[in-house]
Amino acid sequence: MRAHHATSWLGLLAPLCAQAVLQVPATYPQIGAAIAAAQPGDIVSVASGTYAGFVCDKAVTIAAQPGAQVRVATLVILTPSPTDFHVPGGGMAKVIGLQFVNPQFFFPMQTTVSAGRVAFEDCLFEAYALSSGGFVPNAGLRIHDSEVWLRHCRCTGHTSPPPLGAGANAEPVPGLLVQHGFVAAVDCEFVGGALAFDGAIGAGDGVHAVDSSVHLVRCAATGGASISCFYPSGTGVCVDAGIGTWLVDSTITGGSYMNCPAGGDALRNNGTVPVLLTRTTATPGAGTTGVAIVGPVQADTALGLASPTAGANLGAPYRIDYQATPNVLVALFLSDHLVAQAPVVTVEPIWLPAGAPFVGLLISDATGVASFQTTIPNDPTLRFASLWLHAAAWPGPPLHAAPPIGGVIH
């Protein structure tokens, strides 16, 4: 395994300049109140506790304090407290270590990204069992018309079952729902919601993408279980009219439930654009009806990851093990923000802003692994700064791009 060591590239990161740190709840009782008082670029630092949903309409960083358990949930019975991110153009919100949860049916919660760019790290998203007003589809995390990057997150449709009599209002709840959006996810898990006994349609998909660009690397997507054998289990990944789907070094599994013959499909592509698969395993749910793959797919040699990624911490080693084909060049670029772009010179989307500096070249070894490693300086001015490494491999035309790796420095 050939490793590239670098330290000088970190000098390209600009230290934070006089951003305010707003403390919750020490100064502001709720996250939403801190965001309202913040300016773009400020830090909202959150201590352990359970907080109400909020609206994030600014390019701020919302971070759990070290070791804190921060839960965002509805606090008043039968009074929805949704969280919505809609960040103005050109900015990006960053969220680290928050859990968006549904404690039970009577405390509904929904998390949505409805505009702009958001980066999530080490976050948990749980779905609300019913659709909003019976019309808007729900999910653990719902993304539409937005650009979202996720690392080490879990999106799940598992919720408390709706009460008896909910009937036709109980809909399939995917772990992740993407509508007209761009998503890059690394080291994430997506699980569809289980069908409740009084549900009307079926269980949820792990990931459901509609007219979207979805790039998953080292992720697991599992369909929800059909508790009632009369309804289908969920699909691991379902694509409707996708503009591009890349599954790399991932595991896709259809939903299944003991003693039910209706196992879910692992991957269902309802569109005409092939889903590109690289070192990805697709396994149908247990039973006689589920299959591994439905619809057009294509084998690929995309750039992925050979091992899990870790967060960037001051004074600590930092390493990325890329997985490519043997003996190829891997070019690295650095940025402090992300801009999603449809493929032009690469097979996969790139998130590389214009003018991002070149860091260096790696060469993969005989097993296809190319490693980058360094140490983050123990410089307090770098805390909450962002770094993303963008990698592109050239095993021969065309170029293959990995999703950005990195995030906020802790």
Side-chain angles (χ1 to χ4, degrees), residues 111 120 123-127 137-143 148-159 172-179 181-195 202-210 212-226 232-240 242 244-257 263-271 273-287 290-298 300 302 304-305 308-309 348-349 402-403:
T111 306
F120 294 101
C123 289
L124 168 68
F125 305 89
E126 289 182 344
N138 222 325
L141 175 62
R142 179 171 176 258
I143 298 166
V148 174
W149 175 85
L150 303 109
R151 188 193 71 82
H152 200 228
C153 293
R154 188 173 194 266
C155 303
T156 173
H158 286 302
T159 62
V173 180
L176 174 69
L177 174 63
V178 189
Q179 299 168 302
F182 271 82
V183 172
V186 177
D187 287 324
C188 291
E189 182 181 11
F190 308 97
V191 182
L195 171 72
D205 303 321
V207 175
H208 194 124
V210 181
S212 296
S213 170
V214 177
H215 190 179
L216 309 184
V217 173
R218 280 192 63 88
C219 291
T222 305
S226 177
S233 290
T235 298
V237 173
C238 181
V239 178
D240 286 328
T245 306
W246 298 265
L247 307 180
V248 185
D249 297 320
S250 294
T251 302
I252 313 300
T253 309
S256 58
Y257 186 71
D265 303 326
L267 169 63
R268 175 174 287 275
N269 183 5
N270 296 321
V273 177
V275 173
L276 274 65
L277 303 176
T278 301
R279 300 180 298 274
T280 288
T281 302
T283 305
V291 298
I293 296 173
V294 177
V297 300
Q298 181 178 321
D300 199 12
L305 290 168
T309 58
E348 299 80 14

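With Ser256 contributing its side chain and Gly285 its backbone, the two residues share no donor-acceptor pair below 3.5 Å. Between the Thr222 side chain and the Gly236 main chain, no donor and acceptor come within less than 3.5 Å of each other. Formation of a donor-acceptor pair under 3.5 Å by the Thr278 side chain with backbone atoms of Asp300 is found in this model.
By the side-chain hydrogen bond (donor to acceptor under 3.5 Å, both in side chains) test, Asp240 pairs with His208, Asn270, sequence neighbours left out. With sequence neighbours left out, Asp249 forms a salt bridge (Lys or Arg N to Asp or Glu O under 4.0 Å) with Arg279.
With contacts defined as side-chain heavy-atom distances shorter than 4.5 Å, the pair Pro403/Trp246 does not qualify. With contacts defined as side-chain heavy-atom distances shorter than 4.5 Å, the pair Val183/His215 does not qualify.
Annotation for Gly224 and Ser233: closest pair O-CB, 3.5 Å, computed over non-hydrogen atoms. Residues Ala127 and Ala139 share a closest heavy-atom pair of CB-C, 3.5 Å. When all heavy atoms of Gly234 and Ala203 are compared, the closest pair comes out as N-CB, 3.6 Å.
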Could you walk me through whether Ile252 and Leu247 satisfy the side-chain contact (heavy atoms from CB on, under 4.5 Å) test, starting with their C-alpha distance in whole Å, then the side-chain angles of each, then the deciding distance to 0.1 Å, before giving a yes or no? CA-CA 9 Å; Ile252 313 300; Leu247 307 180; 4.1 Å; yes
Start with the C-alpha gap between Leu177 and Val207, add the side-chain angles, then the distance that decides, and say whether side-chain contact (heavy atoms from CB on, under 4.5 Å) holds. CA-CA 6 Å; Leu177 174 63; Val207 175; over 6 Å; no
Let's go through Leu276 and Thr245 carefully: what are the C-alpha distance in whole Å and the side-chain angles of both, what is the deciding distance for side-chain contact (heavy atoms from CB on, under 4.5 Å) to 0.1 Å, and is it a yes or a no? CA-CA 6 Å; Leu276 274 65; Thr245 306; over 6 Å; no
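Here salt bridge (Lys or Arg N to Asp or Glu O under 4.0 Å) pairs that include residues 184-194, with residues two or more places apart or in two chains, are Arg154-Glu189, Asp187-Arg218.
Taken to the nearest 0.5 Å, the CZ atom of Phe190 stands 5.5 Å off from the CG atom of Leu216. Rounding to the nearest 0.5 Å gives a distance of 9.5 Å between SG of Cys219 and CG of Leu305. We find the CG-CD1 distance between Asn269 and Ile293 to be 10.0 Å, quoted to the nearest 0.5 Å. Remark: Cys155 SG to Arg142 CZ distance equals 14.0 Å, nearest 0.5 Å.
Shown are Val237, Thr235, Asp265; of these, the side chain to side chain contact (heavy atoms under 4.5 Å, CB included) with Asp205 is made only by Thr235. A side chain to side chain contact (heavy atoms under 4.5 Å, CB included) with Phe125 holds for exactly one of Thr156, Leu150, Leu176; it is Leu150.
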